[in-house]
Amino acid sequence: MSSILQEINKRILILDGAMGTMLQRYNFSEEDFRSERFANFPHSLKGNNDLLSLTQPQAIAAIHAQYFEAGADIVETNTFSGTTIGMADYHLEDLVYELNFESAKIARQVADEFTANNPEKPRFVAGSIGPTNRTASMSPDVNDPGFRAVTFDELKVAYKQQVDALIDGGVDLLLVETIFDTINAKAALFAIEEVKEERNIDIPIMVSGTITDASGRTLSGQTVEAFLISISHIPLLSVGFNCALGAKQLKPYLKQLSHNTSFNISAHPNAGLPNAFGQYDETPAEMQAQIKEYLDENLINIIGGCCGTNPDHIKLIAEVAKEYKPRKIVG
């Protein structure tokens with residue numbers, strides 16, 4: 001089977017869109033999140049989307065299939081919060097290995113079915129590794145700036161468990177995404193390198209940061225160049241940005257990246273900026289027109305969608321990306 005390293009040289013690869021946006025359509029109740037297995041669990045579970053890989057696996061598989069049908073080459077596992085740190089909110093730390101393993105297995109099965117039906121377009125699974133809900137760079141307490149809610153070592157241990165499970169479940173690559181704090185990301189990358197060494201394997205890694213506003217910085221204060229320098233010691237498949245901004249607002253930061261790295265570049269922006277109700281209004285056609293500017297300016301190798309995007313967005317992005325060659329890497 002063709003590897004992602006071969007495919008990324010042939011064409012622009014399409015990443016899927018938002019998992020949460022699609023799950024909202026199901027309008028799952030507390031009972032749906034629990035299913036039979038967690039019927040008597042003493043804490044509320046509604047909102048724990050990662051848990052749906054165990055309690056509503058058919059919905060997760062259907063969403064992956066819809067993205068592949070829309071033209072995606074890569075789908076992300078339903079594991080954005082899949083660490084002991086993320087699951088502590090729901091008192092489900094003990095389930096972390098199973099959540100990641102089963103999520104990877106679901107995505108792998110759907111990907112393999114699509115590849116079998118069309119071997120000319122192999123499909124891949126990216127293990128989604130989110131930032132956790134804690135930051136190692138800043139204090140959550142304004143009265144105690146030296147306080148940290150989490151340490152580098154705690155993050156590394158949590159990420160290592162997640163990475164082990166994702167690899168066991170059959171992912172093709174790992175995506176460290178929505179990075180608002182580069183120390184958190186470095187802990188994830190350190191954990192991945194340890195796992196690679198212990199298992200004597202090599203697995204491609206995508207890194208995707210988040211520029212939070214018009215200042216052009218991450219939440220922990222890094223510029224594009226500083227972020228890039230912080231993670232460039234690791235051999236990466238790609239570096240890029242996702243979330244927080246729409247395609248139009250993200251473009252100048254992708255240009256900065258593109259001019260400063262020999263890595264492949266990825267982007268999965270939101271469907272515009274949220275409206276007053278926190279909803280994303282940008283239509284697939286509007287987003288396609290903005291992504292076309294990325295393609296015209298030779299900025300990207302991997303493109304997909306984040307918050308507010310669905311298979312209709314991915315379909316139009318895939319259609320326009322077909323007309324272009326991947327970004328040439330200079331360096």
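Numbers here are sequence positions counted from 1. Keep in mind that the numbers below use all heavy atoms, side chains included, and drop hydrogens, waters and symmetry copies.
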**Student:** Regarding K160 and D164, does a basic nitrogen lie under 4.0 Å from an acidic carboxylate oxygen?
**Tutor:**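 No, this pair does not count.
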**Student:** So does E102 pair up with R37, basic N to acidic O under 4.0 Å?
**Tutor:**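 No, no charged N to carboxylate O under 4.0 Å.
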**Student:** K121 versus R11: any side-chain heavy-atom pair under 4.5 Å?
**Tutor:**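 The answer is yes; the side chains approach within 4.5 Å.
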**Student:** Between CD of Q256 and CD of E225, what distance do you get to the nearest 0.5 Å?
**Tutor:**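 Answer rounded to 0.5 Å: 4.5 Å.
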**Student:** Heavy atoms, side chains only, cut-off 4.5 Å: are D16 and Q66 in contact?
**Tutor:**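 No, every pair of side-chain atoms sits at 4.5 Å or beyond.
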**Student:** How close do I303 and P269 get, heavy atom to heavy atom, and via which atoms?
**Tutor:**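 The pair with the smallest heavy-atom distance is CD1-CD, 4.3 Å.
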**Student:** Let me see the working for T218 and D181 under side-chain hydrogen bond (donor to acceptor under 3.5 Å, both in side chains), right down to the final yes or no.
**Tutor:** CA-CA 7 Å; T218 64; D181 182 344; over 6 Å; no
**Student:** Show your reasoning for whether side chain to side chain contact (heavy atoms under 4.5 Å, CB included) applies to T212 and R217.
**Tutor:** CA-CA 6 Å; T212 46; R217 292 172 181 265; 5.7 Å; no
**Student:** Taking it one step at a time, do T115 and D112 satisfy side-chain hydrogen bond (donor to acceptor under 3.5 Å, both in side chains)?
**Tutor:** CA-CA 5 Å; T115 300; D112 289 348; 5.2 Å; no
**Student:** Could you verify whether a donor N or O on one side chain and an acceptor N or O on the other, from Q56 and S35, lie under 3.5 Å apart?
**Tutor:**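 No, no side-chain donor-acceptor contact under 3.5 Å.
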**Student:** Which pair of non-hydrogen atoms, one from T21 and one from C307, has the smallest distance, and what is that distance?
**Tutor:**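 Closest approach of T21 to C307: OG1-C, 4.1 Å.
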**Student:** For Y324 and K292: C-alpha separation, side-chain torsions, deciding distance, then whether side chain to side chain contact (heavy atoms under 4.5 Å, CB included) applies.
**Tutor:** CA-CA 9 Å; Y324 291 82; K292 186 176 183 298; 3.3 Å; yes
**Student:** Hey, are the side chains of N264 and L13 touching, using non-hydrogen atoms and a 4.5 Å cut-off?
**Tutor:**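 No - every pair of side-chain heavy atoms lies 4.5 Å or more apart.
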**Student:** Following the transitive rule for hydrophobic clusters with a side-chain heavy-atom cut-off under 4.5 Å over Ile, Leu, Val, Met, Phe, Trp and Tyr, establish whether L236 and I229 coincide in one cluster.
**Tutor:**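 Cluster IDs for L236 and I229 differ.
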**Student:** Could you walk me through whether K10 and E7 pass the salt bridge (Lys or Arg N to Asp or Glu O under 4.0 Å) test, one step at a time?
**Tutor:** CA-CA 5 Å; K10 294 181 197 170; E7 295 301 316; 3.0 Å; yes
**Student:** Within the 4.5 Å heavy-atom criterion, are F114 and E69 side-chain neighbours or not?
**Tutor:**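 Side-chain contact under 4.5 Å: yes.
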**Student:** So which heavy atom on L45 is nearest to which on F33, and how close?
**Tutor:**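 In terms of heavy atoms, the two residues are closest at O-CD2, 3.5 Å.
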**Student:** Rounded to the nearest 0.5 Å, how far does CG of D172 lie from CG of L237?
**Tutor:**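 Rounded to the nearest 0.5 Å, the CG-CG separation comes out at 11.0 Å.
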**Student:** If you count heavy atoms of other groups shown closer than 6.0 angstrom to NZ of K322, is the number above 12?
**Tutor:**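 Check fails, neighbour count at 12 or below.
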**Student:** Taking all heavy atoms of L254 and all of A267, pick out the closest pair and write down the distance.
**Tutor:**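 Nearest heavy atoms, L254 then A267: CD1-CB, 3.6 Å.
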**Student:** Tell me if the CG atom of D94 is crowded by more than 12 foreign heavy atoms within 6.0 Å.
**Tutor:**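 At most 12 heavy atoms, drawn from other residues, nucleotides or ligands, come within 6.0 Å of this atom.
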**Student:** Taking atom CG of D296 as the centre, does the number of heavy atoms from other residues, nucleotides or ligands within less than 6.0 Å exceed 12?
**Tutor:**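 Above 12, so yes.
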**Student:** Hey, does V171 have a side-chain heavy atom less than 4.5 Å from the side chain of R108?
**Tutor:**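 SC-SC contact between R108 and V171 ruled out.
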**Student:** Please test L23 against I60 for side chain to side chain contact (heavy atoms under 4.5 Å, CB included), starting from the C-alpha separation and ending with a verdict.
**Tutor:** CA-CA 8 Å; L23 287 172; I60 305 301; 3.9 Å; yes
**Student:** Are the side chain of D281 and the backbone of G272 linked by a donor-acceptor contact shorter than 3.5 Å?
**Tutor:**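 No.
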**Student:** For the backbone of T283 and the side chain of E286, can you confirm whether one donor and one acceptor N or O come within less than 3.5 Å of each other?
**Tutor:**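 Yes: the side chain of E286 pairs with the backbone of T283.
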**Student:** Passes side chain to side chain contact (heavy atoms under 4.5 Å, CB included), L51 versus M87? Steps please.
**Tutor:** CA-CA 9 Å; L51 183 64; M87 283 298 129; over 6 Å; no
**Student:** Quick check: does any side chain N or O of Y67 sit under 3.5 Å from a backbone N or O of I74, one acting as donor and the other as acceptor?
**Tutor:**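 No, Y67 side chain to I74 backbone: no donor-acceptor pair under 3.5 Å.
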**Student:** Rounded to the nearest 0.5 Å, what separation is found between the CD1 atom of I211 and the CG atom of L250?
**Tutor:**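 It comes to 8.0 Å.
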**Student:** Salt-bridged, E297 to K251, with N to O below 4.0 Å?
**Tutor:**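 Salt bridge between E297 and K251, a charged N being under 4.0 Å from a carboxylate O: yes.
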**Student:** Distance check, rounded to the nearest 0.5 Å: K255 atom NZ versus Y294 atom OH?
**Tutor:**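 With rounding to 0.5 Å, NZ (K255) is 11.5 Å from OH (Y294).
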**Student:** Where the side chain of T210 meets the backbone of N242, is there a donor-acceptor pair that is under 3.5 Å apart?
**Tutor:**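 Checking the backbone N and O of N242 against the side chain of T210, a donor-acceptor pair under 3.5 Å is found.
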**Student:** Quickly, which of V320, D312, T309 forms a side chain to side chain contact (heavy atoms under 4.5 Å, CB included) with M287? Name it, please.
**Tutor:**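 Single pass found, and it is T309.
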**Student:** Flag the pair T77 / S128 as yes when at least one side-chain heavy-atom distance between them is below 4.5 Å, and no otherwise.
**Tutor:**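 Side-chain contact under 4.5 Å: yes.
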**Student:** Is the number of heavy atoms from other residues, nucleotides or ligands under 6.0 Å of Q58 CD greater than 12?
**Tutor:**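 Buried by this count: over 12 neighbours within 6.0 Å.
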**Student:** For a side-chain hydrogen bond (donor to acceptor under 3.5 Å, both in side chains) with K196, tell me which candidate from E193, E198, E194 qualifies.
**Tutor:**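 Between K196 and the candidates, side-chain hydrogen bond (donor to acceptor under 3.5 Å, both in side chains) is satisfied uniquely by E193.
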**Student:** Taking the side chain as every heavy atom from C-beta outward, state whether V207 and F227 have any atom pair closer than 4.5 Å.
**Tutor:**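 In short, these two side chains touch, coming nearer than 4.5 Å.
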**Student:** Do T84 and Q161 have a side chain donor and acceptor closer than 3.5 Å?
**Tutor:**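 Distance-only check fails for T84 and Q161.
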**Student:** For S103 and S53, test the side chains for any donor-to-acceptor distance below 3.5 angstrom and give the result as yes or no.
**Tutor:**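 Yes.
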**Student:** Give a yes or no on whether V224 and I265 share a hydrophobic cluster (residues Ile, Leu, Val, Met, Phe, Trp, Tyr; joining criterion: side-chain heavy atoms under 4.5 Å apart).
**Tutor:**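 Yes, it is one cluster - the side chains of V224 and I265 are joined through contacts under 4.5 Å.
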**Student:** Could you tell me which non-hydrogen atom of I314 sits nearest to which non-hydrogen atom of G305, and how far apart they are?
**Tutor:**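 I314 and G305 have their closest heavy atoms at CD1-N, 3.7 Å.
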**Student:** What distance do L299 atom CG and L295 atom CG have between them, rounded to the nearest 0.5 Å?
**Tutor:**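 CG of L295 is found 8.5 Å from CG of L299.
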**Student:** Side chains of N9 and L5: does their closest heavy-atom pair fall under 4.5 Å?
**Tutor:**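 Counting from C-beta outward, N9 and L5 never come under 4.5 Å.
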**Student:** Quick one: sort the Y26 and F28 rings into parallel, tilted or perpendicular, breaks at 30° and 60°.
**Tutor:**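 The arrangement is parallel - the two ring planes meet at less than 30°.
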**Student:** Quick one: CZ on R34 to CG on L54, what's the gap to the nearest 0.5 Å?
**Tutor:**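 One finds 14.5 Å between CZ of R34 and CG of L54.
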**Student:** Are a donor atom and an acceptor atom from the side chains of N184 and Y159 found within less than 3.5 Å of each other?
**Tutor:**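 On atom types as modelled, these side chains do not qualify, holding no pair under 3.5 Å.
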**Student:** Flag yes if more than 12 heavy atoms outside K105 fall under 6.0 Å of its NZ atom; otherwise flag no.
**Tutor:**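 Atom NZ in K105 is not crowded, with 12 or fewer foreign heavy atoms closer than 6.0 Å.
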**Student:** Looking at every heavy atom in both A70 and A318, which two are closest together, and how far apart are they?
**Tutor:**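 Shortest heavy-atom separation between A70 and A318 comes out as O-CB, 3.9 Å.
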**Student:** Strictly below 4.0 Å, N to O, side chains only: are R199 and D168 in salt-bridge contact?
**Tutor:**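 D168 and R199: salt-bridged.
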